[in-house]
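Note that the structure is a prediction, hence the values are computed from the model and not measured. The figures here come from the full heavy-atom set of this structure, side chains too, leaving out hydrogens, waters and symmetry mates. Below, chains carry the letters A, B, ... as their sequence lines are ordered, and counting in each starts from 1.
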Amino acid sequence: MAREKKINFSVIEKKWQREWEKKKVFQVNESRSKKKFYVLEMYPYPSGSGLHMGHALNYTIGDIYARFKRMNDLNVLYPMGYDSLGLPAENAAIKTHMHPKSYTEKAIKNFIRQQKELGLSYDWSRVIETHDPNYYKWDQWIFLKMFERGLAFRKKAPVNWCPKCNTVLANEQVHNGMCWRHKDTEVEIKQLEQWFLKITDYADELYEGINKLNGWPDRIKTMQKNWIGKSYGTEILFEVDGEKWPIFTTRPDTLFGVTFMVISAQHPELMKFVTKDQKKNVGKFLKKIKTVSQKSIKEVEELDKQGAFTGSYAINPINNEKIPIWVGNFVVADYGGGIVMAVPAHDQRDFEFAKKYKLPIKEVIRGKNNNIKQRAYAGEGNLINSGKFNSMNSKKAINAITKELQKKKLGKITTEFKLKDWLISRQRYWGTPIPIVYCDKCGITGVKEKDLPVKLPEKVKFGKGNPLTTAKSWIKTKCVKCGGPARRETDTMDTFVNSSWYFLRYCDPQNKKVIFDKKKADYWMPIDQYIGGAEHACMHLIYFRFYTKFLRDLGLLKIDEPTYNLFNQGMLHGEDGFVMSKSRGNVVLPEKVSKKYGIDTARLFLVSLANPDKDIQWSEKGIQGSFRFINKVMNYFNKSKFGKSSKKFESKINKTIKDVSSDVDGFRYNLAIIKLKKLFDVIEKEEKIAEKDAESFLKMLAVFCPHICEELWHKIGKKSFISLEKWPVADLKKIDEKLEAQEKVVEKLIEDVNNIIKLVKEKQKKAVKRGFVYVLPNEKQIYAGKDDIISKRSNIKIEIFAVNDKNKYDPENKSKKVKPGRPGIYLE
RNA sequence: GCAAGGGUAGCGAAGUGGUCAAACGCGCGGGACUCAAGAUCCCGUCUCUCAGUGAGUUCACAGGUUCGAAUCCUGUCCCUUGCACCA
C-alpha cells in the first residue's frame, strides 16, 4: 500500500518565513483608510537559554489573534521587543564572564531567530531593545519630567542588604528572608536614601479607573483593587501635649471605645512620645523588635502583638478622656499616620493587644451576639456607653460622629490607600542610569535634556557591590548649574521602569527627537488587546497605567488607560506536570518539535488542548492528534479537485464560519479548532466542494497554521498571501437547520446499524455481510445516496429501499416497523 | 484570616435552566486493509437490556427552588492563585 508522501515541513516553513520577511508582509503604517488594531504581548526578558514551548504558547496566542484581526481588514500593529536590562542579565553575564551587553545582545539575536521560526507575524521593523541608549534615553527623560514636578524624589527607606554579598538586593533576590546566593544568610533591612516615583499621587485615579477596564479579567482587577487598597474613613485629631496628631479610622462610631493608642515602632517621630521614665522600657522593646526583623519572614508572621507604654497620653476629642499611648509592632508606619486608636472591644488586633497588656476593654456597640470576653465584635449594632449617641445604629453613627468632630474642627472625611510610592533605586549596573548629578554647592540637579542619554559606562568591575561605583571617570562630572566638580548618581532604575511605556515607543520606535510622535501615538493607542501573564497584576500592570496617566498629564497622550482589554494566558506544564522551565529540566524545544511534526502542528496543538487562559500540559502523545489532522489536510489539498458544494455543505461551512469567527474573537481557540476539524471531516466525505468554500476553510485554518496554509493556498493556484486575505464572511441565508437535522437522522441510522451488527455478532455468533434499510417514501430524499456512507461506516454493503418499493428485499418484513425518522433495518 | 477562580466520564477538556449520558482530543477495546507491523480508515468506550429505536444511575458532597438542574440558591469538603496585622 502506498504510504502517504512524507511532508517536509521545515522546507515549507523556511520558504514562507522568508517570503513574509522579503515582502514585509506584516509591516504597518498609520493608515487613514483602515481602522487600527493594536495587539501586544508582554515583551520578554531575553534569557540566554532561549525560547521553549511555554514561550511559544504565549506568542502563538497573540499571533493567532493578530492574524485574525489582520484578515478582518484591520490595520494591525503587532510588535515585539526585548526587556533587556535587568538583574538576571547582569548575574548571568557575571556567571559566564561576559559583559552584560554582549550577553544580552547574543540572547536577543537568538530570541529573534526562534520567534521567526514560530511563524509569528510581528512587524520586525519596530523591534525595541531597552538596553539601547536610544531607548533608555527616554526613561531618563521621563524621570527628569517627574523630577521637575516632584514626582521623582529621594527618601530614606529600608532596603534589603546581604552582608555576604556586601550589596543591596532587589526584592526578587530575597527568598524567605535569605539571600538567594547565600541561602544561610539572612537579609538585613538597612535605611538608605533611595529614589522613589510618586505613584501615590495617582492612587485614586488608578483605583477608580479599574472600573473602566471592562476587558480585564476580574481576578486582576480585584488584585489591583486590593493592592491599591482604597478605604473610606475619618481622620481624627488626637491631642498629645498640646500638639494635634491625625489618625485614620474606618470606624469612628467606636470612638467612645478607645482605651489606648498605638504608635508604630517604625514611626519616625516615635521618640517625641516617649517620656523620660519610659525610655528604658521602650528601648528594650525596640531592640527586641529589631532582632526580630532579622528573622525570617515566616517567623515574623507568627509573632504575636508586642509593645510598650510610651508614657504619653492623648486626649480623645469626643469625650476628652485621657488615654495612654503605647508603641506596638503591629502598626504599619506609613499608613494612616502610623498611629492607631485602639478599640479592643471591636477590633481583634486591639483586643489581643489589650488582653496581653491588661488594658481596659470598653464595649460601645451592642450587636446580636457580642461576646466581648472571648473576642472583639467587629459587626454592626447599636451604640452604648457613647454619650448622646447611645442607641444610635453604628452605621449611622459613623456619619454622626464624624460630623460632630468636623464641627469642632477635630476630624474630617478622608480616604487612605495601601499603595506605596515606587522605589526604583537599584544598586546595580545593568539598568537605566538615573540622570542626576550631585554638587556640593548646588545640591541635586537633573541632567540637561540635551545631554541625554546618560550612557552606561562599559568599563566597570563586576562582582563586588554596585559596579557603577567603580567607574570613577564616569562618576566624575560637572555640575549642571555651576559647572564645578560634581558626581553622578550611581543607582540605576528598576527594570519595570522600562516596561512602563515600551508600548508607546512601538508606535514610533526610531524617533530620535522626541519620545514618540504624538500623532502616531494618538493613532495607535490604546492597545486594543494586551496579552500576558497574571503574575504582573500588581507590578507591571499598575506601573504602565501610572506612566500612561503621567504622560497624559504631560500632554503627550489623549488616553487615560494603556489598554481596556487584557487577556491572561495560561502556563504550559511539562510532561512531568510542573511548569515548563529550564531549571526544572522539563523543557520542550520548539526546534525539536518542529523537526518532527512541523511548527504549525505544535501551534495547533498548543491552543487546541484547552481554553488559552488555562494551564495546559505538554504531551508527546497529544500532539499526534494535531499531527494527524495536519497531514490529512495536506493530503486532501494535494489531490483535491473542486466543483460545486452541496446545499448541505454550504449550510455546514457557513455555520462553521459564523461560529469560528466568534470563537477566535473570544479567544476560544480550542472550540474554533474543534469546529474546523468537524468541518474538515465533512469536506473529506463530500464528493466535491466549491473552490470558494475550500478557500474559506484554509483561511480560517491559516491563523493557527500559517505556513502550511500559505503553501496550500498557492497549491490551489493563488498568488497572494493567505495571511493578508480577507477572513470569510458567513452567509447566514445558507445556514439550514433542517439539513443539519437530517444529518443527525442519518447519523442515528448508522449508529443503529452498527449496534445491530454488534448484537448479531454477540448473540447469534455470526458475522453480518450485508444490510437493507427501509425508509418512508417521503423521506427517501434524505437518504438518497447515503448507502455509500453507511456502507463505509458499518463495513458492510448497505442497500436502501423505499417502503413501497415492490422489488425490495425484505425477508423479515422489517419495513413494517418503519416510523418517521426511523428507518427499518434488516441485516444478514 | 480575607479575596478571586475551580471541582464534569480512565485522563485532558467543552457545556452554565429543557434539544445532555454530556462536544472534541488522548488512552483503551473491536474491525477493515496488510504476509506482518506501522500508518490510514471505520465502529465502540457510565450501567443494564436488546436485531436497533428502551430503562437506570451520573457532572465534589448534602439539602433546596423548579413541571424540569451539570447548569440557579444554601451549607459542607477539597484544590489553585493572590493579599496578608492597612485600623
Side-chain angles (χ1 to χ4, degrees), chain A residues 1-4 6 217-227 229-231 233 247-251 254 262 297 300-301 303-305 328-343 346-350 352-353 378 416-420 534-535 537-538 605 608-611 613-617 619-626 628-629 631-632 635 668 670-671 673-675 677-678 684 741 744 748-764 767-768 771 789 791-796 812 814 817-819 821-828:
Chain A
M1 178 178 167
R3 173 189 277 243
E4 297 285 8
K6 203 162 177 230
D218 288 338
R219 190 163 64 109
I220 304 289
K221 290 199 275 188
T222 316
M223 279 164 78
Q224 286 209 357
K225 277 199 169 173
N226 292 340
W227 187 263
K230 184 175 183 176
S231 320
I247 72 100
F248 176 76
T249 180
T250 55
R251 294 294 302 271
T254 63
V262 187
I297 287 157
V300 174
E301 275 170 14
L303 268 184
D304 58 10
K305 290 164 187 57
N329 65 342
F330 68 99
V331 178
V332 176
D334 48 4
Y335 182 85
I339 309 173
V340 297
M341 61 178 226
V343 187
H346 305 292
D347 182 286
Q348 189 55 26
R349 293 156 302 188
D350 301 344
E352 283 166 30
F353 195 83
E416 277 285 328
F417 295 92
K418 282 197 219 175
L419 187 71
K420 309 254 153 67
E535 68 274 16
C538 298
F605 172 62
S608 62
L609 269 180
N611 194 297
D613 67 357
K614 284 221 164 110
D615 287 356
I616 54 167
Q617 193 171 343
S619 135
E620 192 66 25
K621 280 236 170 89
I623 195 172
Q624 310 271 1
S626 302
R628 271 179 217 134
F629 175 68
N631 275 299
K632 277 195 278 185
N635 289 324
R668 296 181 296 270
N670 53 330
L671 301 185
I673 290 165
I674 286 169
K675 280 160 196 158
K677 283 184 176 172
K678 281 186 173 173
E684 275 192 306
K744 276 190 185 147
K748 185 71 190 158
L749 173 63
I750 294 171
E751 224 172 84
D752 287 342
V753 169
N754 278 308
N755 192 15
I756 301 169
I757 292 173
K758 199 178 102 192
L759 287 173
V760 170
K761 206 185 259 171
E762 282 169 9
K763 305 274 157 167
Q764 305 176 6
V768 175
I789 289 177
S791 300
K792 197 179 168 200
R793 291 179 56 188
S794 57
N795 268 318
I796 57 167
E812 288 191 9
K814 295 282 185 194
K817 278 186 145 183
V818 176
K819 286 181 207 162
R822 287 294 184 182
I825 301 164
Y826 173 71
L827 305 178
E828 59 177 30

Note to self: Suppose we screen for side-chain hydrogen bond (donor to acceptor under 3.5 Å, both in side chains). Which residues come up paired with A/Q224, at least two apart in sequence or across chains?
What the structure shows: A/R545

Next item on the list: List in chain and number order the residues that pass side-chain contact (heavy atoms from CB on, under 4.5 Å) with A/K418, two or more places apart in sequence or in another chain; answer none if no residue qualifies.
Entry: A/Y335

Give each protein N/O atom lying under 3.5 Å from an N/O atom of nucleotides 53-55 of chain B, with the pair distance.
residue : atom : partner : partner atom : Å
B/U53   : O2'  : A/R822  : NE           : 3.3
B/U53   : O2'  : A/R822  : NH2          : 3.1
B/U53   : O2   : A/R822  : NE           : 2.8

Next item on the list: Using side-chain hydrogen bond (donor to acceptor under 3.5 Å, both in side chains) as the criterion, list what pairs up with A/N755, not counting sequence neighbours.
Entry: none

Check: Can you name the residues that form a ring-ring contact (aromatic ring centres under 6.0 Å, His included) with A/F330, not counting sequence neighbours?
Finding: A/F353

Item checked: Test ring-ring contact (aromatic ring centres under 6.0 Å, His included) applied to A/Y826 - qualifying residues, sequence neighbours left out -> none

Item checked: side-chain contact (heavy atoms from CB on, under 4.5 Å) against A/L609, all qualifying residues, sequence neighbours excluded -> A/F605, A/I616

Contacts under 3.5 Å, N or O only, protein and nucleotides 14-19 of chain B:
residue : atom : partner : partner atom : Å
B/A14   : OP1  : A/K614  : NZ           : 3.3
B/A14   : OP2  : A/K614  : NZ           : 2.9

So which protein nitrogen or oxygen atoms get under 3.5 Å of nucleotides 41-43 of chain B's nitrogens or oxygens?
residue : atom : partner : partner atom : Å
B/C42   : O2'  : A/R793  : O            : 2.7
B/C43   : OP1  : A/R793  : NE           : 2.4
B/C43   : OP1  : A/R793  : NH2          : 2.6

Next item on the list: Return yes if the base of B/C24 and the side-chain atoms of A/K678 contain a donor-acceptor N/O pair under 3.5 Å, otherwise no.
Entry: no

Checklist line | Partners passing side-chain contact (heavy atoms from CB on, under 4.5 Å) against A/L419 (at least two apart in sequence or in another chain) | finding: A/I199, A/A203, A/L206, A/W227, A/I228

Item checked: Partners passing side-chain contact (heavy atoms from CB on, under 4.5 Å) against A/R628 (at least two apart in sequence or in another chain) -> A/Q624

Margin query: Using atom P in both nucleotides, what's the gap between B/C72 and B/G5 to the nearest angstrom?
Written below: 13 Å

Check: Which residues pass the side-chain hydrogen bond (donor to acceptor under 3.5 Å, both in side chains) test with A/N226, sequence neighbours left out?
Finding: none

